[in-house]
Amino acid sequence: MKKKPMLMATLLGLTLFSHALMAQRPLMDKPAQERAAAQTQRMTTSLRLDSAQAGKVARINLRYAQRMDPLMQANGSRISKLKAVRTIQKEKEAELKQVLSKEQFEQFKEQQQAVKDEIKERRKS
């Protein structure tokens, strides 16, 4: 019986992330504060963050969204940008791991993988 609520939460999270994916391009054009706020809202809902976690996650999301701004506007090669993004994401994940419970972090990673898989599928089409 415990698996049913977890399954429902996962499905809800995937639904929220799929909506975010569809609106991803316009979101990327928004300021760091708006991107971080949207990401925090999605995470708060899908991971069921408590208020203390939500505050910490909001600060982490904002800090890393601000670090991404210069990278998004840079003229470097696609490969160099990708490497920089991966480095930033790993650092962010390390911080999130300290805030989220083990279950929440695992769910977060599953949601990230689902988004990556969906992006790959879109590229194939």
Side-chain angles (χ1 to χ4, degrees):
M1 290 307 253
K2 287 185 178 185
K3 289 185 179 185
K4 192 170 185 174
M6 182 68 118
L7 179 62
M8 294 301 288
T10 301
L11 289 174
L12 174 64
L14 289 174
T15 301
L16 291 172
F17 272 88
S18 67
H19 286 294
L21 240 169
M22 290 178 198
Q24 186 175 16
R25 188 50 50 198
L27 187 60
M28 294 306 288
D29 296 334
K30 299 206 184 268
Q33 288 180 320
E34 286 184 45
R35 292 191 322 267
Q39 186 174 27
T40 301
Q41 181 60 47
R42 283 191 308 271
M43 290 175 73
T44 299
T45 303
S46 67
L47 302 176
R48 295 186 179 167
L49 303 180
D50 62 34
S51 59
Q53 287 176 311
K56 291 175 185 177
V57 167
R59 287 188 290 279
I60 292 168
N61 286 339
L62 179 58
R63 184 169 51 254
Y64 285 94
Q66 290 170 335
R67 285 184 61 188
M68 292 294 278
D69 276 349
L71 190 59
M72 290 167 38
Q73 298 168 358
N75 291 328
S77 73
R78 190 171 187 193
I79 292 173
S80 66
K81 284 183 177 184
L82 184 59
K83 286 180 182 179
V85 165
R86 285 185 179 158
T87 300
I88 290 170
Q89 286 176 333
K90 285 182 183 181
E91 292 172 11
K92 181 179 176 181
E93 285 177 14
E95 285 191 46
L96 287 172
K97 195 171 190 175
Q98 301 300 313
V99 174
L100 303 175
S101 70
K102 183 178 178 181
E103 293 80 15
Q104 287 171 323
F105 188 74
E106 287 174 9
Q107 189 175 1
F108 170 74
K109 293 296 288 178
E110 288 172 7
Q111 291 169 352
Q112 278 188 320
Q113 187 60 49
V115 169
K116 287 178 187 177
D117 292 345
E118 190 169 331
I119 290 170
K120 284 180 184 178
E121 280 300 314
R122 280 193 192 175
R123 287 185 180 160
K124 287 180 183 178
S125 311

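Hydrogens, waters and symmetry mates play no part in the numbers below; they use all other heavy atoms, side chains included.
Phe108 approaches Glu93 most closely through the heavy-atom pair CE2-CG, 4.1 Å. In terms of heavy-atom proximity, Ala65 sits nearest to Ala32 at CB-O, 3.6 Å. Residues Glu95 and Tyr64 come closest through the heavy atom pair OE2-OH, 2.5 Å.
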TODO: Let me see the working for Leu100 and Lys109 under side-chain contact (heavy atoms from CB on, under 4.5 Å), right down to the final yes or no.
DONE: CA-CA 11 Å; Leu100 303 175; Lys109 293 296 288 178; over 6 Å; no
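The closest donor-acceptor contact from the side chain of Glu106 to the backbone of Glu103 lies at 3.5 Å or more, if one exists at all. Gln111 contributes no side-chain N or O that, together with a main-chain N or O of Met43, makes up a donor-acceptor pair within less than 3.5 Å. Judged by distance alone, the side chain of Glu34 and the main-chain N or O of Pro31 form no donor-acceptor pair under 3.5 Å. A donor-acceptor pair is defined here as one N or O able to donate and one able to accept, closer than 3.5 Å; such a pair exists between the side chain of Gln104 and the backbone of Leu47.
With salt bridges taken as basic N to acidic carboxylate O contacts below 4.0 Å, one links Glu118 and Arg122. Glu121 and Lys124 are joined by a salt bridge, as a carboxylate oxygen and a charged side-chain nitrogen come within less than 4.0 angstrom of each other.
When only modelled atom types and interatomic distance are considered, Gln89 and Gln112 share no side-chain donor-acceptor pair under 3.5 Å. Judged by distance alone, the side chains of Glu91 and Thr87 never bring a donor and an acceptor atom under 3.5 Å apart.
Take Thr44 and apply the side-chain contact (heavy atoms from CB on, under 4.5 Å) test, not counting sequence neighbours, and it matches Thr40, Leu49, Ala54. Qualifying side-chain contact (heavy atoms from CB on, under 4.5 Å) partners for Leu71, counting only residues two or more places apart in sequence or in other chains: Met68, Lys81, Ala84, Val85, Ile88.
Rounding to the nearest 0.5 Å places CD of Gln107 at 8.0 Å from CZ of Arg48. Here the straight-line distance linking atom CD of Gln53 with atom CD1 of Ile60 works out to 10.5 Å at 0.5 Å rounding. Considering OG of Ser77 and NZ of Lys83, their distance stands at 8.0 Å, rounded to 0.5 Å.
The local environment of NZ in Lys56 is sparse, with at most 12 non-hydrogen atoms from other residues, nucleotides or ligands closer than 6.0 Å.
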